[in-house]
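Here the structure is a predicted model, which means the values were calculated and not measured.
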Amino acid sequence: LHRIKASGLKLRFCTNETQATREKFVKKLQGMGFDISVAEVPAPAPAACRILKERSLRPHLLVHNDLVPEFAEIDKANPNCVVIGDAAENFTYANLNEAFRVLIGMEKPVLISLGRGRYYKETDGLKLDVGAYMKALEYACDVEAEVVGKPAKMFFESALAEMGVPPQQAIMIGDDIVNDVGGAQRCGMRALQVRTGKYRPCDENHPHVKPDAYVNNLAEAVDVILRQL
């Protein structure tokens with residue numbers, strides 16, 4: 001990342017992280033030696049807060065406890081929508097059922113999902129992501145969720161707008177074939193898939209998404225990009 005910044009290229013860290021505030025997430029990465037600030041991290045929760053304020057929506061939150069501070073300034077009384085994130089241990093039957101009851105009680109249910117990932121990888125293996133629970137509520141309530149975060153076009157476009165860069169001049173690097181690579185390409189960006197993280201060999205035979213290139217790790221991605229300057 002230091003090499004990217006030293007080259008004068010603009011950089012954003014687009015994350016679907018919804019188990020922690022951006023401050024906590026950035027602090028963790030800084031502790032690993034990453035040169036990164038909160039301003040460089042487009043994330044779903046602040047993007048959702050903008051939408052909630054614009055549309056005068058009051059959310060019932062089904063999110064991780066550590067993410068709740070991101071919604072501190074949002075009115076949550078008498079909810080008229082549901083916001084779902086990667087709630088991890090909070091994805092109990094009781095909590096899902098409570099969100100279901102809020103939605104099913106509305107004339108026009110509004111479900112906002114902080115991403116639509118199917119699974120992600122942690123040190124102890126693969127974990128179910130928010131998309132699986134989002135689909136359960138969609139099915140039960142006959143509603144289509146509005147997705148904030150990757151792969152939503154608006155999410156990538158706002159990161160591009162922040163940098164003042166047209167999509168044709170941007171490259172996404174990610175390990176998720178659908179949400180990172182597919183989402184970026186649908187915006188007109190190029191995308192590299194790293195063979196690390198949640199990558200699986202079957203990704204290379206994906207029926208719809210073909211990355212512009214594969215790289216074995218982040219360092220190799222940086223090499224590829226800097227060679228093209």
Roughly how far apart are [X] [atom1] and [Y] [atom2], rounded to 0.5 Å?
| X | Y | atom1 | atom2 | value |
| --- | --- | --- | --- | --- |
| S37 | Q30 | OG | CD | 8.0 Å |
| I36 | K27 | CD1 | NZ | 13.5 Å |
| N179 | R118 | CG | CZ | 8.5 Å |
| I225 | L11 | CD1 | CG | 9.0 Å |
| I84 | H60 | CD1 | NE2 | 9.5 Å |
| C49 | E54 | SG | CD | 11.5 Å |

Considering only heavy atoms from C-beta outward, does the side chain of [X] approach that of [Y] to under 4.5 Å?
| X | Y | answer |
| --- | --- | --- |
| K5 | L9 | no |
| T15 | V41 | yes |
| R190 | Q185 | no |
| V147 | K153 | no |
| P79 | P59 | no |
| Q193 | V215 | no |
| I74 | L52 | yes |

Check: Can you say whether the rings of Y214 and Y199 are parallel (under 30°), tilted (30 to 60°) or perpendicular (over 60°)?
Finding: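 Ring orientation, 0 to 90° scale: perpendicular.
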Margin query: Please enumerate all residues that pass ring-ring contact (aromatic ring centres under 6.0 Å, His included) together with F100, with sequence neighbours excluded.
Written below: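 Partners of F100 under the ring-ring contact (aromatic ring centres under 6.0 Å, His included) test: none.
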Once side-chain hydrogen bond (donor to acceptor under 3.5 Å, both in side chains) is applied, do any residues pair with [X], and if so which ones, sequence neighbours excluded?
| X | result |
| --- | --- |
| N65 | N90 |
| K24 | D66 |
| E138 | K135 |

Note to self: Show, in sequence, the C-alpha distance, side-chain angles and deciding distance for K150 and D180, and conclude whether the side chain to side chain contact (heavy atoms under 4.5 Å, CB included) test is met.
What the structure shows: CA-CA 7 Å; K150 299 177 291 185; D180 294 338; 2.8 Å; yes
Margin query: Within a 6.0 Å radius of atom CD on E144, are there more than 12 heavy atoms belonging to other residues, nucleotides or ligands?
Written below: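 12 or below, so no.
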Note to self: Surrounding NZ of K210 (heavy atoms of other residues, nucleotides or ligands, distance under 6.0 Å), is the total greater than 12?
What the structure shows: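 For K210, atom NZ is crowded (more than 12 foreign heavy atoms under 6.0 Å).
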Under 3.5 Å, sequence neighbours excluded: what are the donor-acceptor pairs made by side chains of residues 156-175?
| unit_1 | atom_1 | unit_2 | atom_2 | d |
| --- | --- | --- | --- | --- |
| S158 | OG | F155 | O | 3.1 |
| E162 | OE1 | R12 | NE | 3.0 |
| D175 | OD2 | K198 | N | 3.0 |

Notebook entry, point to check: Going hydrophobic residue to hydrophobic residue with side-chain gaps under 4.5 angstrom, can you get from L96 over to L61?
Noted result: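 Per the 4.5 Å side-chain linkage, L96 and L61 are not co-clustered.
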Next item on the list: Please check if V82 and V148 belong to a single hydrophobic cluster, counting links between Ile, Leu, Val, Met, Phe, Trp and Tyr side chain heavy atoms closer than 4.5 Å.
Entry: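 No; tracing contacts between hydrophobic side chains, which count when under 4.5 Å, never links both residues.
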Item checked: Derivation of the side chain to side chain contact (heavy atoms under 4.5 Å, CB included) call for M32 and K28 -> CA-CA 7 Å; M32 295 174 179; K28 181 180 173 184; 3.9 Å; yes
Let me have the donor-acceptor pairs involving side chains of residues 101-115, under 3.5 Å, with sequence neighbours excluded, atom names and distances please.
| unit_1 | atom_1 | unit_2 | atom_2 | d |
| --- | --- | --- | --- | --- |
| S113 | OG | G115 | O | 2.7 |

Checklist line | Non-hydrogen atoms of V209 and I177 that approach each other most closely | finding: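 Taking V209 first and I177 second, the nearest heavy atoms are CG1-O, 3.4 Å.
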Margin query: Which heavy atom of L126 sits nearest to which heavy atom of Y119, and what is that distance?
Written below: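 Reported closest heavy-atom pair: CD2-CD1, 3.9 Å.
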Side-chain donor or acceptor of [X] paired with backbone N/O of [Y] under 3.5 Å:
| X | Y | answer |
| --- | --- | --- |
| E70 | R22 | yes |
| R58 | A77 | yes |
| H64 | L67 | no |
| D203 | R200 | yes |

Check: Should E98 and T92 be marked as a side chain to side chain contact (heavy atoms under 4.5 Å, CB included) after you check the CA-CA gap, both sets of side-chain angles, and the distance that decides it?
Finding: CA-CA 10 Å; E98 194 181 352; T92 61; over 6 Å; no
Note to self: Just to verify, which of D86, D176, D129 counts as forming a side-chain hydrogen bond (donor to acceptor under 3.5 Å, both in side chains) with Y120?
What the structure shows: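 So the option named by the test is D86.
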Notebook entry, point to check: Looking at E204 and R195, does any basic side-chain N land under 4.0 Å from a carboxylate oxygen?
Noted result: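 A salt bridge links E204 with R195.
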